[in-house]
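Note that this is a predicted model, so its numbers are computed, not measured. Chain identifiers are assigned alphabetically (A, B, ...) following the order of the sequence lines, protein sequences preceding nucleic acid strands; residue numbering begins at 1 within each chain.
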There are 2 protein chains.
Amino acid sequence: MYEKKIPKDFSCGFTVLMEIIGGKWKPYLLFLISNGVRRPSDLHRKVPTATRRVLNLQLKELEFHGIIGKKIYAELPPHVEYYLTDFGESLLPVINAMDAWGGGYKHQFEQLMLRKQVPGEA
Amino acid sequence: MYEKKIPKDFSCGFTVLMEIIGGKWKPYLLFLISNGVRRPSDLHRKVPTATRRVLNLQLKELEFHGIIGKKIYAELPPHVEYYLTDFGESLLPVINAMDAWGGGYKHQFEQLMLRKQVPGEA
DNA sequence: TCAGATAGGGATAATTTTATCCCTGTAAAT
DNA sequence: ATTTACAGGGATAAAATTATCCCTATCTGA
């Protein structure tokens with residue numbers, strides 16, 4: 001993936017969690033997969049903003065940690081499907097809690113961000 | 001802080017949460033502050049790995065979002081104390097849930113990371 | 001008077017994460 | 001025969017985040 005020069009301290013559970021779901025597209029990919037979007041091309045259609053390349057990288061990391069699994073069908077043209085593992089399922093409540101908290105703050109958050117963008121205005 | 005070039009989509013609660021606590025030292029700072037470590041210099045002593053500069057930046061962002069507050073005592077030498085706001089308190093359960101999940105996976109995680117480091121070994 | 005503690009921040013470098021570009025291969029359809 | 005859909009990845013650039021270095025100011029104590 002990428003050889004880190006500054007070692008992280010994984011004695012903290014929080015840091016461990018972040019290592020696993022802390023990629024730009026990972027939480028969204030998990031959401032999609034848990035909602036039945038399984039094939040790489042379908043996932044890409046749902047997240048056209050990201051490149052296939054980038055999605056592949058994030059999927060590979062999720063797979064590395066056993067959050068998702070990958071079924072490769074011996075067909076041509078290629079056919080691949082991702083699925084949430086039981087371990088991955090155990091993550092959903094946590095992600096939902098995070099999303100819920102953030103959702104509650106969203107409105108106020110947007111107000112704040114607006115002020116940041118427009119300090120004096122031209 | 002830093003003028004971003006690629007706009008983020010904050011319509012998602014998860015993204016909002018990440019914007020708030022997604023800094024390298026922020027969760028740990030929150031933990032410390034919620035446990036009574038209030039003054040900048042004390043926080044730095046607890047996190048000597050980070051520079052005062054960096055801690056200040058992260059603290060400023062937490063303050064910006066109303067997670068923590070700052071009391072400036074009109075004394076010399078300067079005296080500053082941070083505290084968790086009520087809003088910040090509401091974040092603790094979420095952070096705890098995250099930490100708990102990661103803590104449960106920690107052991108297995110360490111095993112995985114070891115293999116990553118030592119593919120074939122010299 | 002000089003070191004050390006308090007708190008803060010500008011300028012810039014290093015690190016880490018994402019994005020972009022382009023290439024491989026096969027089968028079905030036009 | 002050329003295009004399209006499928007899946008995957010190397011090389012490299014850009015963006016974002018952290019880290020490093022150094023300077024300001026005031027008061028206390030040696």
Look at the rings of [X] and [Y] and say which category their plane angle falls in: under 30° parallel, 30 to 60° tilted, over 60° perpendicular.
X: B:His65; Y: A:Tyr105; result: perpendicular
X: A:Phe10; Y: B:Phe109; result: perpendicular
X: B:Tyr28; Y: B:Phe31; result: parallel

Original post:
A:Gln58 side chain N/O closer than 4.0 Å to the phosphate oxygens (OP1, OP2) of C:dT18?
Top reply: yes
Original post:
Taking only side-chain nitrogens and oxygens of A:Lys70, does any of them come within less than 4.0 Å of OP1 or OP2 of D:dA7?
Top reply: no
Calculate the interatomic distance between [X] atom [atom1] and [N] atom [atom2]; express it in whole Å.
X: A:Arg52; N: C:dC22; atom1: CZ; atom2: C1'; answer: 14 Å
X: B:Asn56; N: C:dA11; atom1: CG; atom2: C1'; answer: 16 Å
X: A:Leu55; N: D:dC6; atom1: CG; atom2: C1'; answer: 15 Å
X: B:Ile6; N: D:dA16; atom1: CD1; atom2: P; answer: 5 Å
X: B:Met18; N: D:dA16; atom1: CE; atom2: C1'; answer: 16 Å
X: B:Lys4; N: D:dA15; atom1: NZ; atom2: C1'; answer: 11 Å
X: A:Leu57; N: D:dG10; atom1: CG; atom2: P; answer: 9 Å
X: A:Lys71; N: D:dC6; atom1: NZ; atom2: P; answer: 19 Å

Original post:
Which residue lies toward the 5' end of DNA chain D, B:Gly22 or A:Val80, if each is placed at its nearest nucleotide?
Top reply: A:Val80
**OP:** Kindly write out the residues that satisfy side chain to side chain donor-acceptor pair (under 3.5 Å) with B:Glu81, not counting sequence neighbours, or none if the list is empty.
**Re:** B:His79
Original post:
Across the strands shown, which category fits A:Val54 at heavy-atom distances under 4.0 angstrom: base, sugar-phosphate, nothing?
Top reply: base
Subject >> From A:Thr85, A:Ile68, A:Leu91, residue fulfilling side-chain contact (heavy atoms from CB on, under 4.5 Å) relative to A:Leu62 >> reply: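 The side-chain contact (heavy atoms from CB on, under 4.5 Å) with A:Leu62 is passed solely by A:Ile68 among A:Thr85, A:Ile68, A:Leu91.
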**OP:** With a 4.0 Å heavy-atom cut-off, tell me which residues in residues 24-46 of chain B come close to DNA chain D, sorted by residue number.
**Re:** B:Lys24, B:Trp25
Verify, without hydrogens or angle tests, whether [X] (side chain) and [Y] (backbone) share a donor-acceptor contact under 3.5 angstrom.
X: B:Lys106; Y: A:Ser11; value: yes
X: A:Asn96; Y: A:Leu92; value: yes
X: B:Asp99; Y: A:Phe14; value: yes

Subject >> Sidechain N-carboxylate O distance under 4.0 Å for A:Lys26, A:Glu19 >> reply: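 Here A:Lys26 does not pair with A:Glu19 in a salt bridge, since their nearest N and O are not under 4.0 Å apart.
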Subject >> Footprint string (nucleotides 21-30 of chain D, 5' to 3'): B base within contact, S backbone only, - free, heavy atoms under 4.0 Å >> reply: B----SS---
